Amino acid sequence: MTSPLSTVQIPRLGVDTRHAASPHGYDTGLFVLRVVLGLTMAAHGAQKLFGWFGGGGLAGTGKFFEMSGYPSGKTMALVAGASEMLGGLGLVLGLLTPLAAAAVVGTMINALAVKWGGGFFAPKGVEYELLLTAGAVALALAGPGRCAADRLLPVLRAHRLTHGVIALVLAVVAAGGVLLVRA
């Protein structure tokens, strides 16, 4: 096999094509991760925004935010709930995936900060929040796979690592800004 840029022979890596990675497998795995993570986050957002699924709604969640040191608890509950719901639904659809994942990451950074002193394991630890954050980071960097609405958008049709990195930097900066206003 020769490279199109030279006449130098490139040796095969000895990978039998029968055992080569399947793009369909990657796409299916990314789809499952997107849907499960996205629905989980959308449900958490619905708890904060509407009180669904046993949540506190804006009033109850706002009080929690105030007790956690955030000013304007109801506003913070609205921001967190909207970020979780819209980010989650974006992940489910594979729509604006880097930004949807960034919305989840930014919210989870704040959740990690609130729960940080409780150790690693649940119920007081950060294992759950860390897992959600890692899943969202993975989706931002890997992209949504081929079964996603992003395939219809010219800019995001072919996922680029730089899209994910830029979105994650934005998430960290926004989350840091929110943490700075926390008492």
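Everything quoted here is computed from the prediction, not taken from an experiment.
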Indicate, with yes or no, if L141 and I166 share a hydrophobic cluster defined by side-chain heavy-atom contacts under 4.5 Å among Ile, Leu, Val, Met, Phe, Trp and Tyr.
no

May I have all residue pairs that pass side chain to side chain donor-acceptor pair (under 3.5 Å) and include part of residues 103-113, sequence neighbours excluded?
Y70-N110

More than 12 non-hydrogen atoms from neighbouring residues, nucleotides or ligands closer than 6.0 Å to CZ on F120, yes or no?
yes

How would you list all residue pairs meeting ring pair (Phe, Tyr, Trp, His ring centres under 6.0 Å) that involve residues 163-183, not counting sequence neighbours?
none

Per the salt bridge (Lys or Arg N to Asp or Glu O under 4.0 Å) rule, what does the pair list look like for residues 158-175, sequence neighbours excluded?
none

Can you tell me which residue pairs pass the salt bridge (Lys or Arg N to Asp or Glu O under 4.0 Å) test with a partner in residues 91-113, sequence neighbours excluded?
none

Indicate if I109 and L168 have the same hydrophobic cluster label, given that clusters are the connected sets of ILVMFWY residues with side-chain heavy-atom separations under 4.5 angstrom.
yes

Got a second to check how far M85's CE is from H44's NE2, nearest 0.5 Å?
11.5 Å

Would the distance check show the side chain of K74 and the main-chain N or O of A59 forming a donor-acceptor pair, the cut-off being under 3.5 Å?
no

Give me each pair satisfying salt bridge (Lys or Arg N to Asp or Glu O under 4.0 Å) with a member in residues 32-53, each pair once, sequence neighbours excluded.
K48-E84

Search all heavy atoms of A136 against all heavy atoms of V105 and return the closest pair with its distance.
CB-CG2, 3.6 Å

Donor-acceptor pairs are to be reported for all side-chain atoms of residues 94-103 against protein atoms at under 3.5 Å, with residues two or more places apart or in another chain.
{"residue": "T97", "atom": "OG1", "partner": "G94", "partner atom": "O", "Å": "3.4"}
{"residue": "T97", "atom": "OG1", "partner": "D150", "partner atom": "OD2", "Å": "2.8"}

Hydrophobic clustering (ILVMFWY, side-chain heavy atoms < 4.5 Å, transitive) - are L152 and V155 grouped together?
no

Could you tell me which residues satisfy ring-ring contact (aromatic ring centres under 6.0 Å, His included) with W116, sequence neighbours excluded, listed by chain and number?
none

Apply the hydrophobic cluster definition, ILVMFWY joined by side-chain contacts under 4.5 Å directly or through others, and give me every member besides V36.
V32

Measuring only between side-chain heavy atoms, which start at C-beta, is E66 closer than 4.5 Å to M76?
no

Any idea which heavy atoms bring D27 and G145 closest together, and the distance?
OD1-CA, 3.5 Å

Count I, L, V, M, F, W, Y as connected when their side-chain heavy atoms are under 4.5 Å apart, and connections chain through other members. Are L131 and V92 then in the same cluster?
no

Donor-acceptor check, side chain of E127 to backbone of A122, threshold 3.5 angstrom: yes or no?
yes

Throw together a table of side-chain donor-acceptor distances under 3.5 angstrom for residues 170-183, partners on residues two or more places apart or in other chains.
{"residue": "R182", "atom": "NE", "partner": "S68", "partner atom": "O", "Å": "2.8"}
{"residue": "R182", "atom": "NH2", "partner": "S68", "partner atom": "O", "Å": "3.3"}

Donor-acceptor pairs under 3.5 angstrom involving side-chain atoms of residues 50-58: please list them, not counting sequence neighbours.
none

Which Ile, Leu, Val, Met, Phe, Trp or Tyr residues join V79 in one cluster when any pair of side-chain heavy atoms under 4.5 Å counts as a link?
none

Do you know the tightest heavy-atom contact between F65 and A80?
CZ-CB, 3.6 Å

Other hydrophobic cluster members with L139, side-chain heavy atoms of Ile/Leu/Val/Met/Phe/Trp/Tyr under 4.5 Å, chained?
L30, L33, L37, M41, L91, V104, M108, Y128, L132

